[in-house]
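Note sheet for the following structure.
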Protein chains: 2
Amino acid sequence: MKRRPTITDVAAAAGVSVATVSKAVNGRYGVAPETVDRVLQVVADLGYESSLIASSMRSRTTGVIGVLVADFEPFSAEVLKGVGQALSDSRYDLLAYSGTRSTAEGWERRSLSRLSGTLIDGAIMVTPTVVNVNADVPVVAIDPHTGPADLPTVECDSFGGALQATRSLIDLGHTRIGFIAGRPDLRSSIARDAGYRRALTDAGLPVDPALVGSGSYRQDAVRMAALEMLRRSDRPTAVFAANDLSALEIVRVASELGLEVPRDLSVIGFDDVPEASKAIPALSTVRQPMQVLGAEAARMLLDLMDGITPTVTHVKLPTRLVLRETTAPPA
Amino acid sequence: MKRRPTITDVAAAAGVSVATVSKAVNGRYGVAPETVDRVLQVVADLGYESSLIASSMRSRTTGVIGVLVADFEPFSAEVLKGVGQALSDSRYDLLAYSGTRSTAEGWERRSLSRLSGTLIDGAIMVTPTVVNVNADVPVVAIDPHTGPADLPTVECDSFGGALQATRSLIDLGHTRIGFIAGRPDLRSSIARDAGYRRALTDAGLPVDPALVGSGSYRQDAVRMAALEMLRRSDRPTAVFAANDLSALEIVRVASELGLEVPRDLSVIGFDDVPEASKAIPALSTVRQPMQVLGAEAARMLLDLMDGITPTVTHVKLPTRLVLRETTAPPA
DNA sequence: TTGAAAGCGCTAACAG
DNA sequence: CTGTTAGCGCTTTCAA
């Protein structure tokens with residue numbers, strides 16, 4: 001907890017000006033070799049490291065890529081791993097930022113604004129609520145907001161995944177199938193909702209509004225919706241949830257209500273976060289390649305930053321149904 | 001990609017000085033209510049957000065906590081989730097930083113130096129190689145470097161875990177048990193090594209240097225060590241690896257060599273990262289509570305930043321053996 | 001109640 | 001080859 005040495009300290013100790021230190025440290029032309037040596041020696045002695053912040057204020061470029069997330073939950077964590085891997089042999093540092101303080105709508109707008117222009121050379125936004133941002137750096141969105149996307153985006157086939165999940169429930173013999181929706185502002189959530197409805201309709205089953213709850217990916221909202229749905233006398237025998245964390249919460253609620261999964265209730269989630277397969281019983285779900293999502297976004301961003309106009313600006317990756325222990329025919 | 005508005009833009013548009021804008025935005029005393037209103041209106045219109053970087057250069061405090069990792073691999077990702085959860089209802093933003101560019105020793109020294117003093121109010125370093133850092137903010141280390149730690153630390157019982165893992169192999173009937181070591185600069189790696197040796201010694205088994213490889217947690221090094229070890233005529237019938245990623249690599253190498261796991265070779269890892277249970281065959285491992293590690297560190301850091309001297313500065317959490325599909329009696 | 005001015009640590013002209 | 005100077009966007013005295 002000693003005070004960090006600044007460029008001024010180094011300059012003083014080396015008996016040169018701060019400008020010379022800057023040049024020496026950054027390997028700029030026009031410094032005598034012996035001066036460089038002396039400066040670097042002092043740098044080593046003092047353990048000096050240039051402040052990323054101060055440098056970035058002047059030099060418009062920092063070699064840092066930012067990943068903006070609402071929260072460090074399992075989904076973002078997986079995406080982050082993918083981005084990290086894709087960037088591991090690039091020359092960029094990686095900075096992940098979550099504005100804990102502003103769960104409010106528009107967090108990414110704020111975060112991006114605060115970091116861009118100085119700290120980061122490019123950004124990846126994960127499940128942004130707002131798509132129309134003003135940054136002075138290239139931005140790629142993963143699983144973006146609904147509405148016109150002027151941003152390059154990477155997402156997965158939510159409609160197809162939801163269709164498949166719901167169909168599998170139907171194939172098992174379920175006819176009363178509930179749905180807990182996700183964040184209504186995300187394009188992917190809407191697609192999952194649509195996939196669910198389509199599967200029912202295709203099978204000639206009615207869509208009962210009483211079996212559609214709004215969870216918004218928030219634990220408390222999911223709990224409330226699940227409680228209401230499962231307490232009904234005509235409760236569903238299966239529920240499809242728009243993401244795994246919601247599905248896991250439903251399983252919890254079911255068990256509190258004395259319902260056994262999957263005997264009394266089948267549950268399918270979406271994402272296949274690590275927590276899904278670790279749960280007891282292991283959660284059936286729709287796997288989306290989260291790490292690939294991140295890696296793909298990183299690749300696009302890298303191109304963008306190199307001034308390359310990407311040929312594909314909207315990537316959609318396939319999903320796959322993974323049936324585990326929370327699905328069974330109705331009792 | 002419009003240019004981000006700065007405080008100067010706001011000032012101009014509102015017809016006041018930048019100083020006034022600053023005061024209005026930050027709710028300082030001494031600004032006429034109507035001026036405040038006008039300024040905030042312009043702020044909203046322009047979509048202005050103060051630059052985190054510029055602010056942090058002047059105001060010694062930012063409300064941001066930094067987590068410094070070498071890489072966004074599974075272990076750090078889990079830790080990050082824990083930190084995020086612990087901080088979710090604090091007033092702090094969370095910033096995770098990985099210096100991709102400097103895999104070199106001392107990355108955390110550099111990262112910390114570059115971020116602290118300006119950008120972050122406190123830091124958590126994950127598996128730092130260097131423990132003697134000069135930051136001007138409080139720092140907590142997770143799974144730290146060996147050597148005298150003047151830093152508060154959080155880690156798990158690596159010795160006990162390794163002991164248990166190796167013993168379980170012995171109990172299965174194995175007598176030739178290999179070990180692929182981790183990063184020799186980490187205290188936890190050394191403890192795992194020691195636990196392995198102790199288990200063998202306790203059982204009256206010799207420690208064969210030919211069965212101890214150095215992996216350093218790096219895939220290529222692990223591969224080489226595993227290859228060498230498994231090609232021997234007197235190859236081990238079981239291997240304990242200092243972390244899961246190493247163990248997974250060993251399984252891969254074994255299969256390339258035509259050895260079937262666990263029939264021809266038992267493997268146990270350490271950590272229980274999500275990838276371990278998803279692997280085929282599912283990896284037997286020593287579970288360490290990675291998220292709790294992160295949460296615990298966050299709690300300590302919060303105290304430190306509040307000026308509270310923590311009563312316990314070195315937390316050690318228990319581990320638990322999780323036997324899955326990569327362990328069996330020797331053929 | 002407001003604004004002018006200094007300065008955080010650093011880089012980039014430009015002089016010397 | 002080196003130092004002086006001028007900011008980057010912001011906050012904070014201190015006068016007006």
Legend entry - Pair pattern of DNA chain C in dot-bracket, where unpaired bases get dots and | marks partners in another strand, Watson-Crick or G-U under 3.5 angstrom: ||||||||||||||||
Legend entry - Nearest-nucleotide comparison on DNA chain C, the residue closer to the 5′ end among B:Y29 and B:A54: B:Y29
Legend entry - Atom pair distance, as rounded to whole Å: CD1 in A:I7 and C1' in D:dT4: 14 Å
Inset, instruction - Only one of B:V140, B:V292, B:V312 passes side-chain contact (heavy atoms from CB on, under 4.5 Å) with B:V154; say which it is. - result: B:V140
Inset, instruction - Look at the side-chain N and O atoms of B:R28 and state whether any lies under 4.0 Å from the OP1 or OP2 oxygen of D:dT12. - result: yes
Inset, instruction - Using whole Å, report how far CG of B:D9 lies from P of D:dG9. - result: 9 Å
Inset, instruction - Could you pick out which residue, B:K23 or B:S50, lies toward the 5' side of DNA chain D when each is mapped onto its nearest nucleotide? - result: B:S50
Inset, instruction - Using a cut-off of strictly less than 4.0 Å, decide whether B:S17 has a side-chain nitrogen or oxygen near OP1 or OP2 of C:dT2. - result: no
Legend entry - Presence of A:S22 side-chain N/O under 4.0 Å of C:dT11 phosphate oxygens OP1/OP2: yes
Legend entry - N or O in side chain of A:T35 less than 4.0 angstrom from D:dT2 OP1/OP2: yes
Legend entry - Distance-only side-chain donor-acceptor flag, B:Y92 / B:D121, under 3.5 Å: no
Inset, instruction - Give a yes/no on whether any side-chain N or O of B:Y48 is located under 4.0 angstrom from OP1 or OP2 of D:dC10. - result: yes
Legend entry - Of B:M57 and B:V36, the one whose closest DNA chain C nucleotide lies more 5': B:V36
